[in-house]
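Structure record follows, encoded as structure tokens.
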Protein chains: 2
Amino acid sequence: MESLTIGRLARLGGVNLETIRYYEREKLLQEPPRTPGGYRLFPTETVRRLRFIKRAQELGFSLSEIRELLALRMKPGSRREHIRARAEAKIADIEQKIRTLTSMKNTLRNLTERCDGCGPLSDCPILESLDEEVSE
Amino acid sequence: MESLTIGRLARLGGVNLETIRYYEREKLLQEPPRTPGGYRLFPTETVRRLRFIKRAQELGFSLSEIRELLALRMKPGSRREHIRARAEAKIADIEQKIRTLTSMKNTLRNLTERCDGCGPLSDCPILESLDEEVSE
DNA sequence: GTAAACCCTGTACCTAAGTACAGAGTCAAG
DNA sequence: CTTGACTCTGTACTTAGGTACAGGGTTTAC
């Protein structure tokens with residue numbers, strides 16, 4: 001199994017090198033083995049994990065929520081039912097996000113379609129309705 | 001048309017009063033009219049705007065992205081084609097977010113289903129695949 | 001017409017999520 | 001076996017997005 005120095009990992013994952021050490025401190029990455037001289041050696045799949053973290057952040061998950069998501073798979077001692085419940089909760093979160101995004105998209109779609117026909121946009125109050133469509 | 005003092009608006013919108021002044025400085029809310037004594041008087045639809053901002057934030061939009069979204073409707077002078085292009089770009093963003101969320105959801109769904117049947121989760125590397133499924 | 005409750009501006013402070021050194025040690029290519 | 005690129009720990013700084021006063025004026029309810 002290949003392994004990566006922190007600098008290589010940072011380049012492959014598209015993040016700053018210091019960010020990796022930060023994630024390690026914050027328990028988003030587990031402490032990697034070291035060379036005799038103390039250099040970190042990360043398993044190559046850490047690249048995927050970094051990319052996952054970035055993606056989840058862009059979707060509005062905080063680092064501690066992401067930590068939880070990742071922990072769903074990593075805890076050997078936890079009970080199935082417990083994990084299952086937490087996964088269901090995450091799924092519900094995600095579905096809500098999808099619903100909101102879908103309604104934002106529809107609203108924007110309307111905007112572009114409707115405004116093909118009408119003149120200046122000043123009195124096209126479509127986005128004003130976004131918040132309504134989007135409410136629970 | 002009813003109007004709201006800043007304190008009422010804050011309560012109705014579920015945000016801190018200082019946040020409203022902050023949003024005004026940051027041009028997410030336009031400067032409201034004032035009473036003779038200098039008190040802000042917000043139109044009631046500002047409540048909906050506040051709620052929209054909060055929702056969009058939860059979906060990972062930064063305040064400046066949200067400012068752009070809101071501006072899609074507010075600029076009377078802009079050209080239709082220009083606005084249309086920006087709306088299309090936002091729609092593409094949103095669709096990408098939806099795709100990523102959908103694949104996260106499916107992965108989690110898999111996790112709960114599969115682990116109904118299997119024993120301890122330690123070697124259920126399902127989430128490890130999230131980052132792959134989720135890549136572009 | 002005076003408290004209590006509100007709001008004003010301005011400035012300082014806070015948290016999350018990084019980023020940037022400094023000073024010192026390690027690795028690897030020639 | 002040295003030189004340049006890399007990494008280490010530790011501490012300090014930064015940015016976005018707020019929050020919290022202080023000191024003073026305004027409204028409203030009696």
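Note on naming: letters A, B, ... go to the chains in the order of the sequence lines (proteins, then strands), and numbering restarts at 1 for each one. Treat the numbers as computed from the prediction; the structure is a model and nothing was measured.
- Residues satisfying the salt bridge (charged side-chain N to carboxylate O under 4.0 Å, His left out) test with A:Arg67, not counting sequence neighbours, are A:Glu26.
- Between B:Lys54 and B:Glu58, no side-chain nitrogen of the basic residue sits less than 4.0 Å from a carboxylate oxygen of the acidic one, so the salt-bridge criterion is not met.
- With sequence neighbours left out, A:Ser64 forms a side chain to side chain donor-acceptor pair (under 3.5 Å) with A:Ser62.
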Let me have the donor-acceptor pairs involving side chains of residues 31-38 of chain B, under 3.5 Å, with sequence neighbours excluded, atom names and distances please.
{"from": "B:Arg34", "atom 1": "NH1", "to": "B:Gly38", "atom 2": "O", "distance (Å)": "2.9"}
{"from": "B:Thr35", "atom 1": "OG1", "to": "B:Gly37", "atom 2": "N", "distance (Å)": "3.3"}
{"from": "B:Thr35", "atom 1": "OG1", "to": "B:Gly38", "atom 2": "N", "distance (Å)": "3.3"}
{"from": "B:Thr35", "atom 1": "OG1", "to": "B:Tyr39", "atom 2": "N", "distance (Å)": "3.0"}

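- In the region residues 6-14 of chain B, proximity to DNA chain C at under 4.0 angstrom, judged on heavy atoms, holds for B:Ile6, B:Gly7.
- Nucleotides of DNA chain D with any atom under 4.0 Å from a heavy atom of chain A span, from 5' to 3', D:dC6 to D:dT9.
- In this view, B:Glu24 and B:Arg40 satisfy the salt bridge (charged side-chain N to carboxylate O under 4.0 Å, His left out) rule, not counting sequence neighbours.
- Applying the salt bridge (charged side-chain N to carboxylate O under 4.0 Å, His left out) rule to pairs touching residues 3-22 of chain B yields B:Glu18-B:Arg21, sequence neighbours excluded.
- A search for side chain to side chain donor-acceptor pair (under 3.5 Å) contacts involving A:Glu95 returns B:Arg109, not counting sequence neighbours.
- Listed by chain and number, the residues in a side chain to side chain donor-acceptor pair (under 3.5 Å) with A:Thr102 amount to none (sequence neighbours excluded).
- Ion pairing between a basic and an acidic side chain is recognised when a charged N comes within 4.0 Å of a carboxylate O; B:Glu68 and B:Lys90 show such pairing.
- Put simply, B:Arg40 has a side-chain N or O that comes within less than 4.0 Å of OP1 or OP2 on C:dC8.
- Contacts of A:Lys97 classified as salt bridge (charged side-chain N to carboxylate O under 4.0 Å, His left out), with partners at least two apart in sequence or in another chain: none.
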| message | For a quick check, with a 4.0 angstrom heavy-atom cut-off, what is the B/S/- contact string for nucleotides 17-28 of chain C, read 5' to 3'? | response | BBSBB---BBS-

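- Whole-Å rounding puts the B:Glu24 CD to C:dT9 C1' distance at 12 Å.
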